[in-house]
There are 2 protein chains.
Amino acid sequence: MAKRKENSTNSLNNNVLTKCPMSFTIEMIGGRWKTIILYQLRNEPLRFGQLRKILILTTEKMLAQQLKQLELDGLVVRDAKEIIPPHVEYYLSEKGKTLLPVLEAMAEWGKVHNQLSKEC
Amino acid sequence: MAKRKENSTNSLNNNVLTKCPMSFTIEMIGGRWKTIILYQLRNEPLRFGQLRKILILTTEKMLAQQLKQLELDGLVVRDAKEIIPPHVEYYLSEKGKTLLPVLEAMAEWGKVHNQLSKEC
DNA sequence: TTTCACACTTACTTTTTGGTTAGTACTTGT
DNA sequence: ACAAGTACTAACCAAAAAGTAAGTGTGAAA
């Protein structure tokens, strides 16, 4: 773990006490992959390997990392069957489902404003 | 300008041809400040100095940088009166206004799910 | 002559995010 | 004995985003 200045602006900005609603939301779904993952889970649970095939441009590490964070934030549920080979499913929690209007709006906006977009 | 590997995954991911709607939207409004800036402009034009007072946790550099990008992306209009001292107003373009449902949804979600949030 | 308001820039550093490569664990099938 | 399948993890590195501190230009007012 790298040390960091405790009162840098970065730290202040990450301090929950200083967070406005918008920053809070951005923190939960920001970054390159979280919205895509959540959106892919909108209809059905998906296994790790399925997500990996869909998010073809991500690496396994990123996927695992993002899923872990989403689980920590209570947006996604991880359901691991205790079998070999492993079988792990991810699906939206109730809290995660409350994000669907946001995610749909974002996806729709992107579809309308990016002429070159393709599904993902 | 720093050089960069042309076929790194980062470059690929930034290539418009590979972008799905969600990534496109994230690229336009992602990061720590853009949504907040856009949201502050939802009702009225604001001057640089006014934004700076509202986004108290940002620096002038970040503000200028984000506004420039938002203008480049056609989401915000910069209206500079040719007077001294300068008087520059920023407001949402028509395209920028189409983001309002997304922004409202994000702000609302944050308000509901972050007990500690405060206005910003 | 200096100061002030305003809207920025510039050069540099730190922090955060994302990527590469390799490897782990466990059991079944060959 | 070894490969296959699944879901990861670890160590290390690169790139992008954000932050710090200082400075710029203009004209009018003090």
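All values reported here derive from a predicted model rather than from experimental measurement. Letters go in sequence order (proteins before strands), and every chain restarts at 1.
C:dG18 atom C1' lies 15 Å from atom CD of A:Q69, rounded to whole Å. If you measure from atom CG of A:D79 to atom C1' of D:dA7, you get 14 Å, rounded to the nearest angstrom. Atom CD1 of B:I36 is separated from atom C1' of D:dA18 by 13 Å (rounded to the nearest Å). For B:I54 and C:dA7, the CD1 to P distance is 13 Å, given to the nearest whole Å. Between the CD atom of A:E60 and the C1' atom of D:dA10 there is a distance of 13 Å, rounded to whole Å. The distance between atom CD of A:E82 and atom P of C:dC26, rounded to the nearest whole Å, is 12 Å. Between the CG atom of A:L55 and the P atom of D:dA7 there is a distance of 15 Å, given to the nearest Å. Rounded to an integer number of Å, the gap from A:L63 CG to C:dG18 P is 13 Å.
OP1 or OP2 of C:dG19 has at least one side-chain nitrogen or oxygen of A:R32 nearer than 4.0 Å. Taking side-chain N and O atoms only, A:R47 has a distance below 4.0 Å to OP1 or OP2 of D:dA7. Between C:dC8 and B:R78, a contact under 4.0 Å exists linking OP1 or OP2 to a side-chain N or O.
Helix-axis bend for the helix from C:dT1-D:dA30 to C:dT30-D:dA1: the local axis fitted to the five terminal pairs at one end deviates from that at the other end by 30°, rounded to 10°.
Relative ring orientation between B:F24 and A:W109 is described as parallel, the plane-to-plane angle staying below 30° on a 0-90° scale split at 30° and 60°.
Looking only at side-chain heavy atoms (C-beta outward), A:L92 and A:V77 stay at 4.5 Å or farther from each other. For the pair B:L99/B:M28, no side-chain contact is recorded, criterion being any heavy-atom separation below 4.5 Å from C-beta on. At a threshold of 4.5 Å between non-hydrogen side-chain atoms, the residues A:N114 and B:P21 do not count as touching.
Taking only side-chain atoms of A:F48, from C-beta outward, the nucleotide of D:dA18, D:dC8, C:dC8 with the closest atom is D:dC8. Considering only side-chain atoms of B:Q66, the nucleotide from D:dA18, C:dA7, D:dT9 that sits closest is D:dA18. If you check C:dG19, D:dT9, D:dA7 against the side chain of A:W33, the one that comes closest is C:dG19.
Sequence order on DNA chain D of the closest nucleotides to A:L67 and A:I84 puts A:I84 first from the 5' end. If A:P86 and A:K61 are placed on DNA chain C by their nearest nucleotide, the residue sitting closer to the 5' end is A:K61. Between A:G31 and B:P85, the one whose closest nucleotide on DNA chain C sits nearer the 5' end is B:P85.
For the pair B:K68 and B:E71, the salt-bridge criterion is not met [side-chain N within less than 4.0 Å of a carboxylate O].
At the heavy-atom level, B:K81 lies nowhere under 4.0 Å from the strands shown. Contact annotation for B:K34: no contact, since no heavy-atom pair falls under 4.0 Å across all strands.
A side-chain hydrogen bond (donor to acceptor under 3.5 Å, both in side chains) with A:H87 is found for exactly one of A:R47, A:E82, A:K81, namely A:R47.
In the hydrophobic clustering of ILVMFWY residues, with side-chain heavy atoms under 4.5 Å counting as a link, B:L100 and B:L70 come out together. One hydrophobic cluster holds both B:I54 and B:I36 under the rule that ILVMFWY side chains link at heavy-atom gaps under 4.5 Å.
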